Amino acid sequence: MEKKIRIDNGKLAFVDEVYIVADNIVTNLGFTSEENFDQVLSGYTGIKLLEDEQMAPEPFYASVIGREALYNRFSLIGNPDRYTRFEQLVLCSVHDALQGTNLNVADKRVLFVLSTTKGNVEQLGESGSLSSENKRPYLWQSGEIIKSFLRLHNDTLVVSNACVSGLVAILTGARLIRAGLFDHAIVTGADVLSEFIYSGFSSFKSLSQGPCRPFDKSRDGLSLGEGAGTVILSSRPDLNPKGEPIHVGRGFSSNDANHISGPSRNGEGLYIAIQHALRHFRGKVDHISAHGTATPYNDEMEAIAISRSGLQDVPVNSLKGCWGHTLGAAGIIESVAALHSIRKGMLPGTKGFQESGVSHPVHVIAETRTEKISNCLKIASGFGGCNAAIMFYR
Amino acid sequence: MKESLHISNYCLIRNSHLITGQDHFFAGKETAFPDFIKETYRHFNIGYPKFFKMDNLSKLGFLAAELLLKDRDLNLDYGKDGTGIILANASASLDTDRIYQASIADRSNYFPSPSVFVYTLPNIVMGEISIRHKLFGENAFFIKQTFDPVFMVEYVKHLFENQIVACCITGWVEMDSERYEAVLFLVEKTGPLNNGIAIFDVRNVDDIYCLKL
């Protein structure tokens with residue numbers, strides 16, 4: 001294949017490789033990747049019984065970030081009264097990820113990719129109306145707000161692809177760097193929990209009675225969560241002098257061509273995405289970070305796709321039991337956790353999992369353990385029949 | 001050497017009119033979108049009852065894809081995962097989000113419906129097109145303030161150059177209250193017997209988008 005060449009300080013450089021050079025996670029468990037990963041390794045969960053009459057007529061289990069905590073955190077970088085919770089989440093996450101890198105975000109070679117499913121949907125009026133002044137529910141407007149806050153050169157690229165948005169955003173950022181159009185991509189995913197999201201998942205009867213239990217025999221649905229995650233992609237591994245850069249492999253997103261709200265019975269779409277993601281990867285897969293929402297159908301479908309791919313012996317975890325399903329942030333947050341698993345040689349257990357409840361054998365790890373791994377296959381699936389798979393490696 | 005790509009067909013829908021690159025044309029009598037899209041469906045004898053369950057954004061994208069792919073079987077030509085679908089719009093699923101929001105606004109009249117909620121994601125239209133045409137390939141949905149032919153052409157070319165797609169349905173499917181427009185392009189590699197109706201480049205894409213209907 002043809003290699004893209006770029007002139008870098010008078011020297012020729014190839015831009016075939018894309019690295020993650022910095023990252024962040026913001027959830028109920030903390031405002032940095034380190035805080036989050038340490039809590040996850042220690043077996044903590046952000047999922048709690050939530051009583052919020054504004055959001056739901058009855059109490060439910062979810063992982064939400066305290067209003068005051070986010071307000072105070074954001075006030076360190078901006079005026080919280082001028083930004084919605086969604087925008088605060090995005091900007092807190094980006095701000096922390098940029099610490100320690102020497103990236104000039106105003107450079108024209110920097111792209112910002114935003115991943116979200118519902119953005120500022122909370123800003124829709126009570127009857128769903130939208131006054132002509134209020135453009136905030138438009139996702140491109142979220143992109144504009146971020147662009148202006150960070151003083152970016154380029155327009156923000158927004159990805160809204162259901163629960164695979166985060167992985168599609170990483171794939172897109174990496175591809176645009178490989179195409180030679182940018183040198184760096186800041187990829188942030190975020191979603192906030194709202195009455196809109198709660199009532200929808202509730203109407204689908206997808207919510208669990210207690211904290212969710214991925215891949216478990218007694219799993220009965222998902223727990224919702226909110227959060228943000230960021231990865232900074234670059235063709236230059238030395239952009240962050242402190243952290244170990246991790247390679248972003250070539251990935252793939254696919255469709256089940258089966259049903260808009262039900263996972264495929266034979267896992268065909270996810271199987272195809274995994275095959276394409278592994279096509280360019282030589283060596284054995286050390287770890288799989290699953291979507292593992294803990295709905296009966298999702299986990300079963302994933303188990304089938306993993307098993308069909310011959311990866312049934314690879315240690316699998318799902319971290320949905322730690323911070324719930326964070327929708328447009330999930331793919332990024334869980335990818336960041338995977339990078340930290342590679343760097344630290346620690347595999348977090350699957351919170352909520354005790355006994356396998358899927359028909360195809362997969363090696364779900366229940367307890368956190370020390371294990372040297374050099375790569376991770378990240379997978380996700382979502383409404384609309386979409387799937388995505390991507391490899392991260394040393 | 002880079003392979004060249006061409007537009008083998010397009011479908012443009014706007015102002016109660018539909019036109020394709022294969023000379024299908026329809027001028028609707030109805031001005032309101034729900035009526036216009038139904039009369040278009042009937043005019044072209046689509047015969048897919050699931051159409052009536054879709055939200056407006058999906059109906060628009062689905063119908064544009066029907067005409068774009070008329071008499072084609074991409075599954076046969078490119079295999080089940082050879083065709084990608086890369087779409088964008090400005091309003092995501094806000095048109096249906098408003099309907100859904102209205103259904104939950106009043107607790108004494110609270111009817112969240114799963115069949116409405118599922119359409120509160122813009123990528124569902126790609127799911128509907130994929131189901132209809134049995135396409136398992138690359139999928140992505142982007143949000144942009146306006147139609148952006150530069151991004152679209154560059155991104156799709158990259159997908160071809162890296163063998164992520166062998167064929168691609170790409171375009172703009174926008175639905176926001178009364179305002180709607182769709183333009184879809186079928187992009188394929190140019191061969192000795194296959195050179196389509198125009199080269200796939202920014203200028204041609206923009207010219208087709210700007211056709212007056």
Side-chain angles (χ1 to χ4, degrees), chain A residues 1-2 57 117-119 121 124-130 137-141 143-144 155 157-162 164-165 168 171-172 175-176 178-179 181 195-196 199-205 250 252-261 268-269 272 275-276 382-388, chain B residues 2 58 80-81 85 90-94 97-107 110-146 148 151 154-155 157-159 161-164 177:
Chain A
M1 194 178 50
E2 174 183 9
T117 63
K118 297 312 310 164
V121 76
L124 277 178
E126 288 238 318
S127 59
S129 67
L130 195 60
Y138 288 89
L139 298 179
W140 56 260
Q141 178 65 6
E144 287 293 300
D155 285 348
L157 177 63
V158 183
V159 174
S160 190
N161 215 121
V164 309
S165 299
V168 171
L171 278 179
T172 306
R175 285 171 183 168
L176 293 172
R178 287 199 176 99
L181 299 171
E195 184 189 23
F196 190 103
S199 62
F201 280 94
S202 175
S203 76
F204 258 104
K205 307 209 180 320
R250 287 156 201 275
F252 197 79
S253 72
S254 64
N255 201 287
D256 287 334
N258 175 60
H259 195 279
I260 54 168
S261 60
E268 184 70 9
I272 287 171
Q275 297 316 302
H276 282 273
F383 275 164
C386 54
N387 306 277
Chain B
K2 282 184 190 174
S58 287
K80 66 202 298 188
D81 56 352
I85 306 180
S91 305
S93 55
L94 273 176
D97 294 0
R98 293 188 191 106
I99 296 168
Y100 182 78
Q101 178 67 32
S103 77
I104 59 167
D106 179 4
R107 280 288 160 79
Y110 183 77
F111 289 108
S113 150
S115 56
V116 178
F117 183 67
V118 71
Y119 286 103
T120 64
L121 292 163
N123 62 297
I124 300 298
V125 59
M126 300 192 298
E128 296 287 12
I129 295 169
S130 298
I131 293 167
R132 167 66 159 172
H133 301 282
K134 289 280 157 245
L135 302 175
F136 291 74
E138 177 76 19
N139 262 213
F141 203 104
F142 298 104
I143 312 298
K144 293 248 164 192
Q145 188 172 0
T146 53
D148 183 350
F151 171 75
E154 281 176 341
Y155 192 65
K157 278 187 173 171
H158 178 78
L159 297 181
E161 282 167 23
N162 289 277
Q163 291 94 46
I164 296 162
S177 303

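If you're wondering where the values come from, they're calculated on a predicted model, not measured in any experiment. Just so we're on the same page: letters track the sequence lines, and every chain starts at 1.
Here the side chains of H276(A) and D81(B) are in contact, with some heavy-atom distance below 4.5 Å. Taking the side chain as every heavy atom from C-beta outward, P137(A) and L94(B) approach each other to under 4.5 Å.
For chain A, no part of F111(B) is nearby; none of its heavy atoms comes within less than 4.5 Å. Proximity to chain A involves both the backbone and the side chain of E128(B), based on heavy atoms less than 4.5 angstrom apart. Both the backbone and the side chain of A90(B) come within contact range of chain A, judged by heavy atoms closer than 4.5 Å. For S103(B), no part lies under 4.5 angstrom from a heavy atom of chain A. If you measure heavy-atom distances from K157(B) to chain A, you find no contacts under 4.5 Å at all. Only the side chain of K118(A) has a heavy atom closer than 4.5 Å to any heavy atom of chain B. I164(B) touches chain A through backbone and side chain together, each having a heavy atom under 4.5 Å away.
The two residues Y138(A) and S91(B) come nearest to each other via the heavy atoms CE2-OG, 3.4 Å. Heavy atoms only, all atoms of each residue included: A257(A) and S130(B) are closest at CB-O, 3.3 Å.
For the atom pair L157(A) CG and D148(B) CG, the distance stands at 9.0 Å (nearest 0.5 Å). The CG atom of N258(A) lies 7.5 Å from the CZ atom of F136(B); values are rounded to the nearest 0.5 Å. Taking CZ of F204(A) as the reference point, atom OG of S115(B) lies at 8.0 Å (rounded to 0.5 Å). Within the model, atoms CE of M126(B) and CG of N255(A) stand 7.5 Å from one another, a figure rounded to the nearest 0.5 Å. Atom OH of residue Y100(B) and atom CG of residue L124(A) lie 12.5 Å apart, to the nearest 0.5 angstrom.
Electrostatic pairing of R107(B) and E195(A) counts as a salt bridge here, judged by a charged N lying under 4.0 Å from a carboxylate O.
Contact count against chain B (heavy-atom pairs under 4.5 Å) is highest for L139(A) among V121(A), V168(A), L139(A). Of the listed residues (D256(A), I272(A), V159(A), I260(A)), the greatest number of heavy-atom pairs within a distance under 4.5 Å of chain B belongs to I260(A). No other option in G384(A), G385(A), S203(A), G143(A) has as many heavy-atom pairs under 4.5 Å with chain B as S203(A). Among the candidates P122(B), S177(B), S58(B), the residue making the largest number of heavy-atom pairs closer than 4.5 Å to chain A is P122(B). In terms of heavy-atom pairs under 4.5 angstrom with chain A, the leader among A140(B), A92(B), S93(B) is A140(B). Counting heavy-atom pairs closer than 4.5 Å to chain B, the top residue among G119(A), S160(A), S261(A), A162(A) is S160(A). The candidate from L121(B), I143(B), I85(B) with the greatest count of non-hydrogen atom pairs under 4.5 Å with chain A is I143(B). Interface summary for chain B: among N387(A), T172(A), V164(A), the most heavy-atom pairs under 4.5 angstrom belong to T172(A).
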Handout entry: side-chain contact (heavy atoms from CB on, under 4.5 Å) evaluation trace for E138(B) with F252(A)
Key = CA-CA 6 Å; E138(B) 177 76 19; F252(A) 197 79; 3.5 Å; yes

Practice task
Tell me, with the steps shown, if L159(B) and R175(A) meet side-chain contact (heavy atoms from CB on, under 4.5 Å).
Solution key: CA-CA 8 Å; L159(B) 297 181; R175(A) 285 171 183 168; 3.5 Å; yes

Handout entry: CA sep, side-chain torsions, deciding dist, call: F141(B), C386(A), side-chain contact (heavy atoms from CB on, under 4.5 Å)
Key = CA-CA 11 Å; F141(B) 203 104; C386(A) 54; over 6 Å; no

Practice task
Go through the steps for F151(B) and L176(A) under the test side-chain contact (heavy atoms from CB on, under 4.5 Å), then give the verdict.
Solution key: CA-CA 10 Å; F151(B) 171 75; L176(A) 293 172; 4.0 Å; yes

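Ring planes of F201(A) and F117(B): perpendicular class, angle over 60° (limits at 30 and 60°).
For N139(B) (side chain) and S253(A) (main-chain N/O), no donor-acceptor pair under 3.5 Å exists by modelled atom type.
Not a single side-chain hydrogen bond (donor to acceptor under 3.5 Å, both in side chains) links Q145(B) to another residue, sequence neighbours left out.
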